[in-house]
Amino acid sequence: MSETVTETGPRYDFRAAEPRWQTAWAERGCFHVPDLPADSRPKYYVLEMFPYPSGKIHMGHVRNYTLGDVVARYKRARGYSVLHPMGWDAFGLPAENAARERGIHPAKWTWENIATMRAELQRMGLSLDWHRELATCDPAYYGHQQKLFLDFLRAGLAERKESWVNWDPVDGTVLANEQVIDGRGWRSGALVEKKQLSQWFLRITQYAPDLLSALDRLDRWPERVRLMQEKWIGRSEGARLRFALTQPRSDIADVEVYTTRPDTLYGMSVLALAPEHPLAAAVAARDPKAAAFVAECRRMGTSEAVIEAAEKQGHDTGLRVRHPFLDQTFPVWIANFVLMEYGTGAIFGCPAHDQRDLDFARKYGLRVVPVVLPPGADPAHYTVADEAYVGPGTIFNSGFMDALDVEAAKRRAIEELERLGIGRGEVNWRLRDWGVSRQRYWGCPIPVIHCADCGVVPVPDQHLPVTLPEDVNFDRPGNPLDHHPTWKHVTCPRCGKPAQRETDTFDTFVDSSWYFARFCSPHANQPVARQPVDHWMPVDQYIGGIEHAILHLLYSRFFMRAMKATGHVAIEEPFAGLFTQGMVTHESYRTAPGPNGTWLYPDQVAKQPDGTVTHRGTGDPVTVGRVEAMSKSRRNTVDPEAIIARYGADTARWFILSDNPPERDMEWTEAGVAGAYRFTQRVFRLAEGLDGSAPGAMPESFGDDSRGLR
RNA sequence: GCCGGUGUGGCGGAAUGGUAGACGCGGCGGACUCAAAAUCCGCUUGUGGUGACACAGUGGAGGUUCGAGUCCUCUCACCGGUACCA
């Protein structure tokens with residue numbers, strides 16, 4: 001990495017050419033387009049996912065913005081009027097972490113990062129319209145977001161309800177899933193608990209059917225993204241039914257269950273409740289052992305990945321329910337793998353035909369009765385051992401459903417439940433409403449006021465934006481907005497009595513769910529100006545990482561629909577074309593194998609002629625690890641600034657484009673960059689060999705010297 | 001756990017079910033040069049063989065087929081997501 005690139009002879013001097021052209025583009029406003037173009041060229045809107053200002057540009061950004069820039073320049077060359085803007089996804093947790101760890105104000109930290117990264121992007125030679133730059137932490141942006149929220153609230157698209165958060169009992173703080181490590185708070189080390197809070201939700205589930213069916217029309221989206229969204233929305237057909245308790249309590253007489261397999265009701269062994277289920281809470285109130293089990297489940301936090309991967313555990317409540325068809329009763333358990341958020345928070349377990357139920361039944365010695373006979377199996381001898389049978393077959397051991405196939409039996413079971421008046425067929429969705437409340441400072445304030453007499457009162461439009469106070473400190477845990485001496489104390493806009501501001505801020509996914517629309521009229525004094533947004537939207541080509549396949553893209557699709565419903569836009573789908581790029585990877589290096597070795601940056605190691613790798617400082621041998629996504633923790637990062645300084649932006653961009661198909665992961669290698677550098681030189685020499693008018697010829701207004709491109 | 005994806009030479013990657021590795025990068029050898037750079041030519045999956053060639057080979061195990069990188073079943077590894085990282 002240290003050897004300098006030296007050559008004699010004719011040579012493309014990128015150090016002179018790149019800044020000169022970049023300056024010329026900026027001075028001429030080459031990439032600026034008006035909000036409402038007067039010319040008749042067709043429009044093209046190309047957008048890359050805007051960056052979080054974490055400090056410096058990384059190679060993933062270089063890849064993302066290079067890909068978009070190629071599209072933008074191509075479309076411009078093809079005669080389109082191209083909108084290609086850039087901005088900053090500027091609210092978020094890392095700024096607060098910096099504040100707590102280093103005493104830097106989140107705003108200062110964020111704006112300084114933006115300044116650094118803007119300069120880095122500009123050195124990449126991207127054809128961006130910088131007149132449209134926006135940052136989500138700017139009141140000039142988030143004030144309009146508050147207006148959108150209030151419109152959604154008036155339209156019935158926002159509501160308050162209870163939900164569970166990760167609670168650090170020592171720090172007295174809500175934790176993000178990322179901040180829960182092995183069930184403990186990452187700072188305090190305290191065992192995390194689930195805690196219930198009243199929070200704001202956006203009613204994305206209202207649009208579940210539409211968000212699902214419209215996927216078919218997104219024909220310029222990758223199939224795998226549409227598939228992932230389809231599964232995430234998760235439409236299922238089944239039955240909702242009530243199981244009567246054998247000993248009804250004064251307040252609870254039965255338990256509602258949602259199932260996609262009413263055909264297997266005769267194979268039931270247990271009714272299992274989520275630990276957060278009201279009946280589980282009622283049992284726990286009187287039974288210390290049940291309470292202990294529920295408390296144990298609460299220590300798992302809210303992450304589905306953690307809950308579902310945990311060992312299945314249950315607690316027998318001692319209660320029993322009557323079977324809807326059989327004259328039998330079954331035990332009611334509390335089980336750690338039943339999710340309160342899906343269905344009704346209670347399931348009936350049929351171990352023979354569901355693997356999780358089978359694992360649970362084997363662990364606790366519950367009965368396993370097969371009721372679906374696989375084709376060709378012998379009903380007299382068929383049993384289920386360690387593997388649940390989930391395939392098609394013929395129903396048996398099931399009274400009135402015997403001899404039906406699975407699908408017919410589902411219909412028959414639902415008929416019977418309806419006839420008995422204890423259930424009905426129901427379409428269920430996996431998609432949940434979008435909880436947007438965060439107990440954090442560095443986010444957009446939720447513009448409502450809580451009044452003891454009037455309840456929740458929206459902040460009047462003329463009082464927007466509700467801005468964050470700047471004089472906050474992070475020397476104690478919790479939300480600084482809540483601790484602030486004066487900020488939250490206001491008078492009720494409705495009755496004039498003392499009241500309190502909402503101190504929660506929005507999930508940062510809200511900020512990124514409409515920025516693409518704001519780009520069309522970034523200086524408008526309303527969220528979006530209709531004519532520009534109608535002209536430019538939808539985004540013709542959106543480009544970003546596959547990690548956003550579900551949340552960001554689904555929330556944005558919802559937001560467009562909500563903005564249409566509230567009269568802000570005319571369309572429903574924000575992104576007509578989507579491209580998901582692969583990651584940038586690199587070898588990793590350690591001073592020794594395994595966890596004893598410290599990670600080394602690529603420029604700390606030297607490759608020897610014999611193929612071994614050594615530490616540049618000490619000369620000690622270095623262990624070469626796997627090729628992995630670049631990350632700070634593994635130190636396998638290459639700083640784009642260093643590459644651009646040494647080889648030029650065109651080399652970096654050429655390498656990143658030429659190495660492999662853009663949807664795949666690419667490995668960043670020194671040899672590859674060197675090859676790309678040689679290639680740019682070869683192109684220059686080739687062009688130079690043509691007649692003098694070709695490569696370096698510049699427009700008259702730039703023809704100030706004979707160096708540069710020549 | 002669940003959902004989605006990936007897996008072919010040293011590397012990026014090609015291959016309507018029909019000669020696996022096109023093309024490129026890198027590497028090696030040669031030409032040119034005082035020398036280098038640049039350019040050009042040749043070789044470059046592995047093993048064995050001077051060679052013609054033989055055998056093996058597309059993460060792994062089975063299967064379908066005259067024939068499988070490609071189709072089917074199972075399986076392994078890795079990556080992304082899993083609703084409060086962005």
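Chain letters run A, B, ... following the sequence lines, proteins first, then strands; residues in each count from 1.
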Subject >> Sugar-phosphate, base or nothing in reach of A:Met583, heavy atoms under 4.0 Å >> reply: sugar-phosphate
Original post:
Over how many whole Å does the gap from A:Phe506 atom CZ to B:C85 atom P extend?
Top reply: 18 Å
Original post:
Mind checking who B:G7 pairs with, Watson-Crick or G-U wobble, both distances under 3.5 Å?
Top reply: B:C76
**OP:** Please work out if A:Gln229 contacts a base, only the sugar-phosphate, or nothing of the nucleic acid, heavy-atom cut-off 4.0 Å.
**Re:** nothing
Subject >> For atom CD1 of A:Ile546 and atom P of B:G4, their distance in whole Å >> reply: 13 Å
Original post:
When rounded to the nearest 0.5 angstrom, what distance separates OG1 in A:Thr580 from CH2 in A:Trp221?
Top reply: 10.5 Å
Subject >> Ring centre gap for A:Tyr441 and A:Phe474 strictly below 6.0 Å >> reply: yes
**OP:** Please determine if a side-chain N or O atom of A:Arg664 lies less than 4.0 Å away from the OP1 or OP2 oxygen of B:G7.
**Re:** yes
Original post:
How long is the line joining NZ of A:Lys312 and C1' of B:C2, in whole Å?
Top reply: 10 Å
**OP:** Describe the nucleic acid contact of A:Ala549 in one word from base, sugar-phosphate, nothing, applying a heavy-atom distance below 4.0 Å.
**Re:** nothing
Original post:
How long is the line joining CG of A:Leu553 and P of B:A83, in whole Å?
Top reply: 17 Å
Original post:
Any side-chain heavy-atom pair from A:Trp514 and A:Phe519 closer than 4.5 angstrom?
Top reply: no
Subject >> Opposite nucleotide pairing with B:G26, Watson-Crick or G-U, both atom distances under 3.5 Å >> reply: B:U44
**OP:** Name the nucleic acid region contacted by A:Gln439, choosing base, sugar-phosphate or nothing; use a 4.0 angstrom heavy-atom cut-off, strictly under.
**Re:** base
**OP:** Decide if the gap between the ring center of A:Phe152 and the ring center of A:Phe559 is smaller than 6.0 angstrom.
**Re:** yes
Original post:
Between B:G80 atom C1' and A:His552 atom NE2, what is the distance in whole Å?
Top reply: 16 Å
Original post:
OP1 or OP2 of B:C84 sitting under 4.0 Å from any side-chain N/O of A:Arg438?
Top reply: yes
**OP:** Scan A:Val174 against the nucleic acid and name what it touches under 4.0 Å (heavy atoms): base, sugar-phosphate only, or nothing.
**Re:** base
Original post:
Quick one: does A:Gln355 reach the base of B:G1 with a side-chain donor-acceptor pair under 3.5 Å?
Top reply: no
Subject >> Rounded P spacing from B:U47 to B:C11 in Å >> reply: 15 Å
Subject >> Any A:Ser303 side-chain nitrogen or oxygen under 4.0 Å from OP1 or OP2 of B:U82 >> reply: no
Original post:
Does B:G9 adopt a syn or an anti glycosidic conformation, taking syn as a chi angle within 90° of 0?
Top reply: syn
Original post:
Would you say A:Asn177 reaches B:C85's phosphate, i.e. side-chain N/O to OP1/OP2 under 4.0 Å?
Top reply: no
Original post:
Between the side chains of A:Gln581 and A:Asn64, is a donor N or O closer than 3.5 angstrom to an acceptor N or O?
Top reply: yes
Original post:
Would A:Glu502 and A:Trp200 satisfy side chain to side chain donor-acceptor pair (under 3.5 Å), going step by step from the backbone distance to the final call?
Top reply: CA-CA 10 Å; A:Glu502 171 72 65; A:Trp200 285 102; 3.0 Å; yes
**OP:** Specify the residue among A:Ser437 and A:Lys231 whose closest nucleotide of RNA chain B lies further upstream toward the 5′ end.
**Re:** A:Lys231
Original post:
Is A:Arg226 touching bases, backbone alone, or none of the nucleic acid, heavy atoms closer than 4.0 Å?
Top reply: nothing
Original post:
Are OP1 or OP2 of B:C84 and a side-chain N or O of A:Arg440 less than 4.0 angstrom apart?
Top reply: no
